[in-house]
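Written below as structure tokens is the structure these notes are about.
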Amino acid sequence: TDVTVDCLRSLSSCDVVSSGKAKVIVWENGTGADAVTTLSDTIVQNQWNDWAELLVSSTNLGFTGGNNRVIERVMERNNVPDYFLLLNSDTLVTNDSLTSLVDFMDRHPNAGVAGSKLLTETGEHQCSPFRFPGMVSEFDQGLKLGIVSRLLSRWSVAMSPPDEATVIDWVSGASMILRREMLEQIGLLDEDYFTYFEDVDLCKRAHLAGWEVWYVPESQ
């Protein structure tokens, strides 16, 4: 719960949120009554009600189910947004991290998905972007030999992060913006995955439908 509060606090200082251009929905995924009370009280005490909404599930629906329930509800409302940002609760955002993603999607109408550069608290590159798994990458993963890893590096799943925005295979769902038009075409997250690999699957389906998936390092 504490990391979720920290995430909300970081979101509160972002222009797209404070200006009313974006809304934040927290899906409380069956953690329990104490978490619900803490989050609800925090939103009220900080006067975040204008942009933050708390939805509560009695059971854990996983990453896929929780995000899908939020997207489905928003899709039924008036003024459906152009984009949905999936954001892990243990992340901290800056103003640039959100505006850069929105601006990028506005400038690239063929982009169905774009992901952020994920950093540790001390600034080291954490993960994303990635290539799709394949026979060569799985062979290297199984051997775990340095010489083989070096020889097969161009086919490894984890990529060296580009310095500029780049079309890639897939990005981490920890901070991933999705175009509504794409979701209407290919569908939401596959709930058979529950948690893990749902981002790989979604990006694969986006590619198959003709949408681009981008890594946007300006968003950190």
Side-chain angles (χ1 to χ4, degrees), residues 11 14-17 21-25 63-64 66-68 70-72 74-75 79-88 91 93-119 125-138 152-193 195-220:
L11 285 162
C14 294
D15 289 344
V16 293
V17 173
K21 294 180 180 179
K23 300 291 184 183
V24 176
I25 297 180
F63 182 87
T64 51
N67 278 300
N68 282 351
V70 170
I71 295 173
E72 288 166 351
V74 175
M75 288 280 203
N79 301 318
V80 180
D82 294 326
Y83 312 118
F84 291 89
L85 175 70
L86 308 189
L87 187 68
N88 277 10
T91 53
V93 302
T94 65
N95 186 46
D96 289 344
S97 65
L98 294 191
T99 56
S100 58
L101 280 181
V102 174
D103 291 346
F104 181 88
M105 297 294 281
D106 286 344
R107 298 194 311 270
H108 295 81
N110 293 325
V113 182
S116 303
K117 181 177 184 178
L118 303 178
L119 304 172
H125 178 255
Q126 191 169 21
C127 62
S128 201
F130 302 98
R131 299 181 180 92
F132 288 127
M135 183 177 67
V136 174
S137 64
E138 294 306 305
L152 302 182
S153 60
R154 63 177 295 189
W155 293 286
S156 66
V157 173
M159 297 171 55
S160 296
D163 294 328
E164 298 180 352
T166 305
V167 175
I168 57 162
D169 283 352
W170 64 280
V171 291
S172 170
S175 177
M176 179 169 69
I177 193 168
L178 310 174
R179 190 179 297 274
R180 170 180 50 81
E181 184 181 354
M182 180 201 70
L183 292 175
E184 291 172 341
Q185 179 183 356
I186 71 171
L188 305 185
L189 299 169
D190 186 340
E191 295 184 32
D192 285 340
Y193 287 100
T195 298
Y196 300 123
F197 299 109
E198 73 291 323
D199 41 14
V200 187
D201 172 75
L202 186 73
C203 290
K204 183 67 173 180
R205 287 190 282 127
H207 281 292
L208 291 174
W211 294 97
E212 296 171 349
V213 176
W214 286 78
Y215 170 72
V216 183
E218 293 81 7
S219 174
Q220 300 182 9

Residue from D199, L86, L183 passing side-chain contact (heavy atoms from CB on, under 4.5 Å) with L189: L86
Spacing of D190 atom CG and K204 atom NZ [to the nearest 0.5 Å]: 15.0 Å
Side chain to side chain contact (heavy atoms under 4.5 Å, CB included) assessment of E181 paired with Q185: CA-CA 6 Å; E181 184 181 354; Q185 179 183 356; 5.9 Å; no
Inter-residue atom distance E72.CD - N67.CG, 0.5 Å rounding: 11.0 Å
Rounded distance (nearest 0.5 Å) linking atom CD1 of I186 with atom SG of C203: 8.5 Å
Shortest non-hydrogen contact between A111 and W214, atoms and distance: CB-CD1, 3.7 Å
D192 vs D201, side chain to side chain contact (heavy atoms under 4.5 Å, CB included): CA-CA, chis, key distance, verdict: CA-CA 11 Å; D192 285 340; D201 172 75; over 6 Å; no
Distance-minimising heavy-atom pair for N110 and W211: O-CE3, 3.5 Å
Main-chain N/O of L188 paired to R205 side chain as donor or acceptor, under 3.5 Å: yes
S175/N88 under side chain to side chain contact (heavy atoms under 4.5 Å, CB included): CA gap, chis, key distance, verdict: CA-CA 7 Å; S175 177; N88 277 10; over 6 Å; no
Smallest separation among heavy atoms of I168 and H207, with atom names: O-NE2, 3.0 Å
Minimum heavy-atom distance V171-A114, with the two atoms named: CG2-C, 4.3 Å
Interatomic spacing from CD in E218 to CG in D163 - rounded to 0.5 Å: 10.0 Å
Side-chain heavy atoms of L11 within contact of L87, under 4.5 Å: yes
Point-to-point distance, once rounded to the nearest 0.5 Å, from CZ of F84 to CD1 of I71: 5.5 Å
Side-chain (S219) to main-chain (S97) donor-acceptor, under 3.5 angstrom: yes
Point-to-point distance, once rounded to the nearest 0.5 Å, from CD of Q220 to CG of D96: 9.0 Å
Smallest separation among heavy atoms of M176 and L178, with atom names: CG-CD2, 3.7 Å
Minimum heavy-atom distance between R179 and M105, given as atom pair plus value: NH2-O, 2.8 Å
Those residues that, when tested against N95, pass side chain to side chain donor-acceptor pair (under 3.5 Å) (two or more places apart): D15
